[in-house]
Peer 1: 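Have a look at this one before I ask anything.
Chain letters run A, B, ... following the sequence lines, proteins first, then strands; residues in each count from 1.
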2 protein chains.
Amino acid sequence: MKSEKISDAVVRRLPVYLRFLNQLSQREVPTVSSQELGQKLALNPAQIRKDLAYFGDFGRKGIGYDVSYLIEKIRQILNLDQPINVALVGAGNLGQALSNYNAYLKDNMKIVSIFDAFPSKIGTQINNITVQPIEELKETVKANNIRIGIITVPDTEAQRVADVLVEAGIEAILNFAPTILKVPPEIRIHGADFTTDLLSLAYYLEGKEHLSDES
Amino acid sequence: MKSEKISDAVVRRLPVYLRFLNQLSQREVPTVSSQELGQKLALNPAQIRKDLAYFGDFGRKGIGYDVSYLIEKIRQILNLDQPINVALVGAGNLGQALSNYNAYLKDNMKIVSIFDAFPSKIGTQINNITVQPIEELKETVKANNIRIGIITVPDTEAQRVADVLVEAGIEAILNFAPTILKVPPEIRIHGADFTTDLLSLAYYLEGKEHLSDES
DNA sequence: TAGATTGTTAATCGATTAACAATC
DNA sequence: TAGATTGTTAATCGATTAACAATC
């Protein structure tokens with residue numbers, strides 16, 4: 001076990017491990033090797049061992065990793081052994097989809113409040129949560145111990161919403177708007193803009209060569 | 001201009017450049033420097049110049065990049081100078097959100113068909129597109145020159161859908177299901193699972209130290 | 001004991017950044 | 001001409017992978 005700084009690349013693989021381990025657990029598989037994990041997750045086994053070894057000696061030589069134990073450990077590392085409250089800002093189509101999509105519920109994460117700026121949205125119910133005006137965000141975040149904010153507003157509003165979230169004391173933001181947001185360095189922010197993903201896929205389409213002008 | 005292989009990291013930045021350039025274009029800004037791009041996009045200017053130089057000499061020394069010209073070039077590189085048809089598989093909440101979210105329309109990408117396995121969904125209209133059964137996917141993809149597939153079905157169905165898309169001759173897949181899909185190497189696949197993003201954010205929350213057992 | 005598999009060091013690979021001559 | 005900024009090479013940095021002693 002080292003105490004080097006952990007790179008984001010490593011951290012982002014942890015939920016991937018966790019998800020697959022949960023599947024193994026359901027099937028009551030007792031142990032798993034880095035070999036098998038690597039095969040199923042399309043990762044190098046050495047990388048998996050190294051990732052896990054940053055946090056502790058979780059495996060047993062000659063045996064592999066105990067599935068239940070590793071799940072418990074990864075959940076601890078990711079702070080998922082405590083409930084984490086999330087606020088969603090933007091009750092449009094995407095926001096509604098995310099709030100319905102409660103897959104992270106079992107991981108102790110829960111959207112507890114939803115905000116919108118549009119008057120016609122305010123007061124409506126989404127999954128038993130009443131949509132509140134953004135003016136109430138700060139107070140609600142503090143009162144409900146909300147630590148993560150999800151931004152699903154139009155890109156023109158995203159920076160303003162980010163500012164409000166930061167002011168309210170949120171610690172991390174998942175931003176679905178296609179804009180680079182400016183936040184203080186202590187706030188963790190991940191971009192989740194799928195239009196970027198989709199457009200970049202077009203690069204790989206065949207049938208048209210990328211020739212320079214002077215060809 | 002080189003003809004090295006272009007890394008995916010570079011390709012994924014191109015849509016980010018494009019998006020910001022489009023904003024500049026709307027404001028009728030004539031030219032932009034790598035310096036300014038870097039500042040606004042939180043990237044190193046040298047990296048931006050290097051990224052662009054892979055594809056051609058688009059800038060002018062002492063001046064910067066002509067906004068309109070660079071937009072045109074990046075669109076060509078990304079194959080966005082031709083219309084690209086997209087199929088969406090999974091007409092649930094997320095799928096509906098994506099199909100409403102027509103931000104990529106202006107980039108020549110268009111969802112032209114929507115598929116679902118659930119009988120109650122089939123025949124319903126989403127944004128003027130009639131939801132079809134997955135059985136019709138192969139034929140429709142071929143008939144409509146659909147080249148990209150978006151998967152928004154439950155993870156248990158994702159691999160099966162991917163197989164159908166591949167068999168239908170799709171060239172690239174954007175997968176929102178939280179599973180690692182197996183596809184032939186010539187198929188480009190990007191994962192867009194936001195639960196991974198969200199869970200990894202929890203790692204960065206303060207207030208609980210990651211101590212080893214023997215501390 | 002023999003086979004399997006970890007944790008970790010060293011080697012490799014690739015991506016980012018700095019620096020600067022060329023030139024608008 | 002002086003200032004700005006590119007394109008590109010070289011230097012740096014960081015992440016991935018290979019290899020293997022330790023050991024279950």
Peer 1: Give the rounded distance in Å between these two atoms: CG of A:Asn44 and P of C:dG7.
Peer 2: 15 Å

Peer 1: Any ion pair linking A:Arg188 and A:Asp8 (charged N to carboxylate O, less than 4.0 Å)?
Peer 2: yes

Peer 1: Quick one: B:Leu37 CG to D:dG7 P, roughly how many Å, whole number?
Peer 2: 12 Å

Peer 1: Go through the side-chain N and O atoms of A:Asp163 and A:Gln159 and say whether any donor and acceptor fall under 3.5 Å apart.
Peer 2: yes

Peer 1: Quick one: A:Ile48 CD1 to C:dT6 P, roughly how many Å, whole number?
Peer 2: 9 Å

Peer 1: For DNA chain D, what is the dot-bracket line, given that a base pair needs Watson-Crick (N1 to N3, plus N6-O4 or O6-N4) or G-U wobble (N1-O2 and O6-N3) geometry with both distances under 3.5 Å, and | means paired with another strand?
Peer 2: ..||||||||||||||||||||||

Peer 1: Does A:Ser7 have a side-chain nitrogen or oxygen under 4.0 Å from the phosphate oxygens OP1 or OP2 of D:dG14?
Peer 2: no

Peer 1: Check every atom of D:dA19, D:dT8, C:dA10 against the side chain of A:Lys50 and return the nucleotide holding the closest atom.
Peer 2: C:dA10

Peer 1: Can you measure A:Tyr69 atom OH to C:dT6 atom P for me and round it to whole angstrom units?
Peer 2: 15 Å

Peer 1: What is the separation between atom CD on A:Glu36 and atom C1' on C:dT6, rounded to the nearest whole Å?
Peer 2: 16 Å

Peer 1: Got a list of side-chain donor-acceptor pairs under 3.5 Å for residues 21-30 of chain A, not counting sequence neighbours?
Peer 2:
| from | atom 1 | to | atom 2 | distance (Å) |
| --- | --- | --- | --- | --- |
| A:Asn22 | ND2 | A:Leu18 | O | 3.3 |

Peer 1: Could you tell me whether A:Arg160 and A:Glu157 make a salt bridge, using a distance below 4.0 angstrom between a side-chain N and a carboxylate O?
Peer 2: yes

Peer 1: Which of residues 59-66 of chain A sit near DNA chain D, with a heavy atom under 4.0 Å from it?
Peer 2: A:Arg60, A:Lys61, A:Gly62

Peer 1: Within this structure, what is the CG-to-P distance between B:Asp57 and C:dC24, rounded to whole angstrom?
Peer 2: 11 Å

Peer 1: CD1/A:Ile126 to CG/A:Asp116 distance, rounded to the nearest 0.5 angstrom?
Peer 2: 8.0 Å

Peer 1: Grab the CD-C1' distance between A:Gln39 and C:dT5 for me, whole Å please.
Peer 2: 15 Å

Peer 1: I want to verify a distance call: between C:dT16, D:dA18, C:dT6, whose nearest atom is closest to the A:Arg49 side chain?
Peer 2: C:dT6

Peer 1: For a quick check under 3.5 Å, do A:Asn93 and B:Asn100 share a side-chain donor-acceptor pair by atom type?
Peer 2: yes

Peer 1: Could you please name the option among C:dT16, C:dT17, C:dG7 that lies closest to any side-chain atom of B:Ala46?
Peer 2: C:dT17

Peer 1: Among B:Ile74, B:Ile77, B:Val10, which one satisfies side chain to side chain contact (heavy atoms under 4.5 Å, CB included) with B:Leu52?
Peer 2: B:Ile74

Peer 1: Any donor-acceptor pair under 3.5 Å linking the side chain of B:Thr152 with the backbone of B:Val89?
Peer 2: yes

Peer 1: Between the side chains of B:Arg19 and A:Asp155, is the shortest nitrogen-to-carboxylate-oxygen separation below 4.0 Å, so that they form an ion pair?
Peer 2: no

